[in-house]
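What's counted below: heavy atoms across the whole structure, side chains too, no hydrogens, waters or symmetry copies. Below, chains carry the letters A, B, ... as their sequence lines are ordered, and counting in each starts from 1.
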There are 2 protein chains.
Amino acid sequence: MTETTPQRRPRHKRPPTIHDVAAHAGVSRGTVSRVLQGGHNVSPASQEAVNAAIRKLGYVVNRAARSLVTQRAGSVAFLLSETQDRFFADPNFTTLLRGCTQALAEHDIPLVLITAGTEAERRRITPFLSGHHVDGVLLISSHRGSPMVEHLRRAELPFVCCGKPLGQRGKVSYVAADDHEGAKDMVRYMLESGRRRVATIAGPQDSPGGVERLAGYREVLAEHGLAPDDRLVAIGDYSWASGESCMHELLTRAPDLDAVFVASDLMAGGALAAIERTGRSVPGDIAVGGFDDSPVASTARPPLTTMRQPWDRISETMVRQLLAQIDGEGPATVILPTELVVRESS
Amino acid sequence: MTETTPQRRPRHKRPPTIHDVAAHAGVSRGTVSRVLQGGHNVSPASQEAVNAAIRKLGYVVNRAARSLVTQRAGSVAFLLSETQDRFFADPNFTTLLRGCTQALAEHDIPLVLITAGTEAERRRITPFLSGHHVDGVLLISSHRGSPMVEHLRRAELPFVCCGKPLGQRGKVSYVAADDHEGAKDMVRYMLESGRRRVATIAGPQDSPGGVERLAGYREVLAEHGLAPDDRLVAIGDYSWASGESCMHELLTRAPDLDAVFVASDLMAGGALAAIERTGRSVPGDIAVGGFDDSPVASTARPPLTTMRQPWDRISETMVRQLLAQIDGEGPATVILPTELVVRESS
DNA sequence: CTGAAAGCGCTTACAG
DNA sequence: CTGAAAGCGCTTACAG
């Protein structure tokens, strides 16, 4: 490089490049790059010299330059295919976001947060995705037939879903808690502690948790020789308010119920409020079991007995799966067990 | 480009570049780039041809290549200088994250989520920041003397804080709600509705909200000729549990109190539980006022009267300020008014 | 208004 | 094990 060519910015203001490191270490830029890539085929002496120069100069790789040649963005998206309201109100999503951020940080991969709850938003992010501005996507969506799955396939972008994506054909990677077994464990626990009229507030029937947890509930009742009774079943939308109104409904239809399995802690919170208003006690008159073990479970009055979802393992596994897929591996499904957490409500 | 040189990947599998667009439109790559930059100094005819080619080919700009030459990352970080637990438990942070994501999306700028709650995490992200892998930082931290401020300054990275950063010298951009006036409005409201023994549960005294809201409380009491009384003041840490224990403490020290201004809704939730346990009623015996208008405010029993923080405006303003700084503008301070939301607890 | 050309900072065959 | 060189896909003075 001839020093007669003026730099765009004065050199001393620009961060050091491999060129500077190479000059300092007395090697070529290629060698510096090899050290950066893990030091294969580099003599210990060169390696040493390069590392010293890197420390000395405070060199940090320019990700844009690297991306340009490797054709990899070096980042991953956390994509919310939900209306923002819905997402940010649900403590589970927050827990998941936290877990994924953490898991990715361990791989030094930045997480890009993207929302795509509306058609307009989806249009806006399409170029971003199909331009491969991220290497892969952690897809968070709880609704049947999310349009994002098709988008991502077309963009040939690796992705893994949180929870089984309903209404999709073909192989889709996903990681999920064992909703079915979890529900069974909870309802069994209630029956075994002497309850006889167990109702349920299920989640939306276009979400996997909504369907699976309800199925588990029904199975255990049948196992115990109890006849199915539609008066004992209400369908909510995972919100606090829906838990409240569903509980009200159940109590009207089946005033003799002595337990209720609620498919989310948030709805269980609403159910508790509805029960309290009728003057009944929990767990004295009615046992209440939640699902999630979200923060509201322990602050609820009384504290909720609930099924813990293994969020840490879910997020770690999602990240691991995604990175594997980015490296060319095929899709996979992982189901993780839930755990009964006994507090006071049941 | 001689076609004898083999491509690394077959051309048909690679996304189109400006080269392809240029060929299609019958212009040079420079012209294509000019159209991409807004179309200045480009004839309408060329403009038209280029746009048609872009649509036809489904061209999407390669951000890495652009970054490399413009020396801009094209993304912004949302940096949590808090332990993750703390952050993700607080609904305010979530609301803020949501607002910032939205505001940035409108500028087509990806948000990179980064946590730096521990020293180890801070070390890990330092190269990322000093390598300018983002153009600026939205800094979320509520503690005095956050080390991140110094880090960011040294990295010469534009940043704007959420809330006044305590214990910092020199100019720092920040956007905050008017904690002081907000607290005064709430306490005035309580006094004007006939309360005489107004207590407070303040936030941590190393956070701006903790300090300012307590100061506002004291001022209004003085305004009304009421003598300061330390038995009426407790200091919490914004958590539900601390609200509960602080309330218990206040009730022990000053059983005759008839109102309490709590510096966060989460703490107010805990306070309600503590009050309920003593058999007192809200607002009959004790009026409770919160701060934030977070989701818990409306689900609390009874629903909380609170001061609404203008989160949407805060996030929009933070983003606007940050983008301005990235474009070379100087630092600024913005204080936004809060609003009294009357529900049932006071 | 336009094209040719340099250059952003890396990685990676290639030839030794 | 190492260096020289090509190339990743853009932007932007520069000269017309």
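Whole-Å rounding puts the Arg63(A) CZ to dC8(C) C1' distance at 18 Å. Note: CZ (Arg14(A)) to C1' (dC10(C)) measures 14 Å, nearest angstrom. Atoms CG (Asn62(A)) and P (dC10(D)) sit 16 Å apart, rounded to a whole Å. Computed from coordinates, the His40(B) NE2 to dT2(C) P distance equals 15 Å when rounded to whole Å. The distance between atom NE2 of His19(B) and atom C1' of dA5(C), rounded to the nearest whole Å, is 14 Å. In this structure, Ile18(A) atom CD1 and dA5(D) atom P are separated by 15 Å, rounded to whole Å.
A heavy atom closer than 4.0 Å to some atom of DNA chain C occurs in Val27(B), Ser28(B), Thr31(B), Arg34(B), these being the qualifying members of residues 27-37 of chain B. The stretch residues 43-60 of chain A comes close to DNA chain C through Tyr59(A), Val60(A), each having a heavy atom under 4.0 Å from the strand. Taking a 4.0 Å limit (strictly below) on heavy-atom distances, residues 126-137 of chain A does not reach DNA chain D anywhere.
There is a side-chain donor-acceptor pair under 3.5 Å between Glu121(B) and Thr115(B).
Pairs engaging residues 20-75 of chain A under the ring-ring contact (aromatic ring centres under 6.0 Å, His included) rule: none recorded [sequence neighbours left out].
At the heavy-atom level, Asn41(A) lies under 4.0 Å from base atoms of the strands shown.
Remark: Ala120(A) engages Thr118(A), Arg123(A) in a side chain to side chain contact (heavy atoms under 4.5 Å, CB included) (not counting sequence neighbours).
Between dG16(D) and dT12(D), the two C1' atoms lie 16 Å apart (nearest whole Å).
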State the dot-bracket string of DNA chain D. Criteria: Watson-Crick or G-U wobble, both atom distances under 3.5 angstrom; notation: ( ) intrastrand, [ ] crossing earlier pairs, | interstrand, . unpaired. |||.||||||||.|||
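Between the side chain of Thr17(B) and the backbone N or O of His19(B) there is at least one donor-acceptor pair closer than 3.5 Å.
Ion pairing between a basic and an acidic side chain is recognised when a charged N comes within 4.0 Å of a carboxylate O; Arg122(B) and Glu119(B) show such pairing.
When the nucleotides dG9(D), dT11(C), dC1(D) are ranked by their closest atom to the side chain of Leu68(A), dG9(D) comes out on top.
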